[in-house]
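For reference, the structure discussed in these notes is given below.
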Amino acid sequence: MTNRQIVLAARPAGWPKESDFRMIETLPPTMGPGQVLTRSLWLSVDPYMRGRMSDAPSYAAPVRIGDVMVGGGVGRVEESNHDRFRPGDYVTGLLGWQDYAVSPGDQLRAVDPALAPLSAWLGVLGGPGLTAYFGLIDVCHPKAGETVVVSGAAGAVGSITGQIARILGCRVIGIAGADAKIAWLTGELGFDAAFNYKTNTDYDAALKQLCPGGIDVYFDNVGGPITDAVLRRINVHARIAICGQISLYNLEKPEMGPRWLPTLIIKRAKVEGFLVLDYVPRFREGLEKLGGWLQEGKLKYRESIVEGLENAPRAFLGMLRGENTGKQLVRIAPES
Ligand code: NAP
């Protein structure tokens, strides 16, 4: 039995490339007290991984060259030295880009395949769903009737954020980078309107048309010129959650945008960055809400699936380029 692992081979400058990763084969890890051995079934590839490939200061240490890439996954317990888990259980946690992982049992969460498919625990019932829930509810305090704009709207976080805002009675406008994504948002997901920022590049005109009464809440996943245009249309007492800034992650030189702090004075607006990790003590609350809406059919989700651990770098790079609709996943092994 070998353990295939994808390790960081080089720190990228600008856009990462497949050669920044390398696959190696090792023996499966051995367990210590309180630890659990899992077989990885699903791997989540996420924008934050770009930050962990870099040694720029961040909220977490960079992945070291030669170390297994960090990543959340869903796995099946093979062996357990932890009293909460038995072989055959399904769990989620930071399993890394590899076939087998040994993790402290205390850092794993049980997943219930009866409530939702295993892969959903990396999307709507995983980090992205929880990010959408806490970022929107806790940071933005949306009220029924308000206009909410979501950038990166057809991605894992954005697609859930917009639907929660709809559930709360808001008018929701999405911004995404493909016509098929816009059709999904305004069709199946029930967004009130959306526009394709790649083909409709006059963002000010698009926002003026779609948000005639201004913008009360902005959930920002992308930053850059899209965010600059949204800021020009915010209402008094607007709330802005800085969830992500993906348009900046691969820049080699920081970009100086317009200085919009004066706007915040005039509009008495609140801008707040947040990290979902700070909400760990409230994950149960978030999962109950998200799970309830999912079961009631009020939350819908899509997954983009790439097959095989060896293709994880391709899946990750594709996600950064916008090839995913909804959650980008890698299927590492069959579920049964
Ligand atoms: P995602 O949205 O599923 O995938 C990334 C998407 O970003 C792509 O599909 C692409 O869609 C869009 N994108 C890429 N480059 C862009 C650009 N230059 N301008 C505009 N859009 C661009 O990823 P996710 O996991 O849901 O994450 C979304 C954001 O939330 C990221 O910024 C991430 O860092 C952040 N995040 C933050 C937290 C937190 O705790 N604060 C937690 C999770 C995620 P298009 O086709 O629309 O371009």
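Atoms within a ligand are numbered from 1 in the order they appear, just like the ligands themselves.
In this structure, Arg282 places its CZ atom where more than 12 heavy-atom neighbours from other residues, nucleotides or ligands lie under 6.0 Å away. Annotation for Arg52: atom CZ counts as buried by contact number, over 12 foreign heavy atoms lying within 6.0 Å.
Clustering of Ile, Leu, Val, Met, Phe, Trp and Tyr side chains at separations under 4.5 Å places Leu251 together with Leu248.
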Any protein N or O within less than 3.5 Å of an N or O in ligand 1? List each pair with its distance, or say none.
residue, atom, partner, partner atom, Å
ligand 1, 3 (O), Ala156, N, 2.8
ligand 1, 3 (O), Asn324, ND2, 2.9
ligand 1, 4 (O), Asn324, ND2, 3.4
ligand 1, 9 (O), Asn324, OD1, 2.6
ligand 1, 11 (O), Lys181, NZ, 3.4
ligand 1, 19 (N), Tyr197, OH, 3.4
ligand 1, 21 (N), Tyr197, OH, 3.2
ligand 1, 26 (O), Ala156, N, 3.2
ligand 1, 26 (O), Val157, N, 2.8
ligand 1, 30 (O), Asn221, OD1, 3.2
ligand 1, 32 (O), Asn221, O, 2.8
ligand 1, 32 (O), Tyr249, OH, 3.3
ligand 1, 34 (O), Tyr249, OH, 2.8
ligand 1, 40 (O), Val276, N, 2.7
ligand 1, 41 (N), Cys243, O, 3.0
ligand 1, 41 (N), Phe274, O, 2.8
ligand 1, 46 (O), Lys181, NZ, 2.6
ligand 1, 47 (O), Gly177, N, 2.8
ligand 1, 48 (O), Tyr197, OH, 2.5

**Prompt:** What do the steps show when you test Phe21 against Trp97 for ring pair (Phe, Tyr, Trp, His ring centres under 6.0 Å), and what is the final call?
**Reply:** CA-CA 11 Å; Phe21 304 92; Trp97 295 27; 5.2 Å; yes
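A cation-pi arrangement is not found for Arg76 relative to Tyr90, the charged atom failing to lie both closer than 6.0 Å to the ring centre and inside a 45° cone about the ring normal.
Relative ring orientation between Phe195 and Tyr203 is described as tilted, the plane-to-plane angle lying within the 30° to 60° band.
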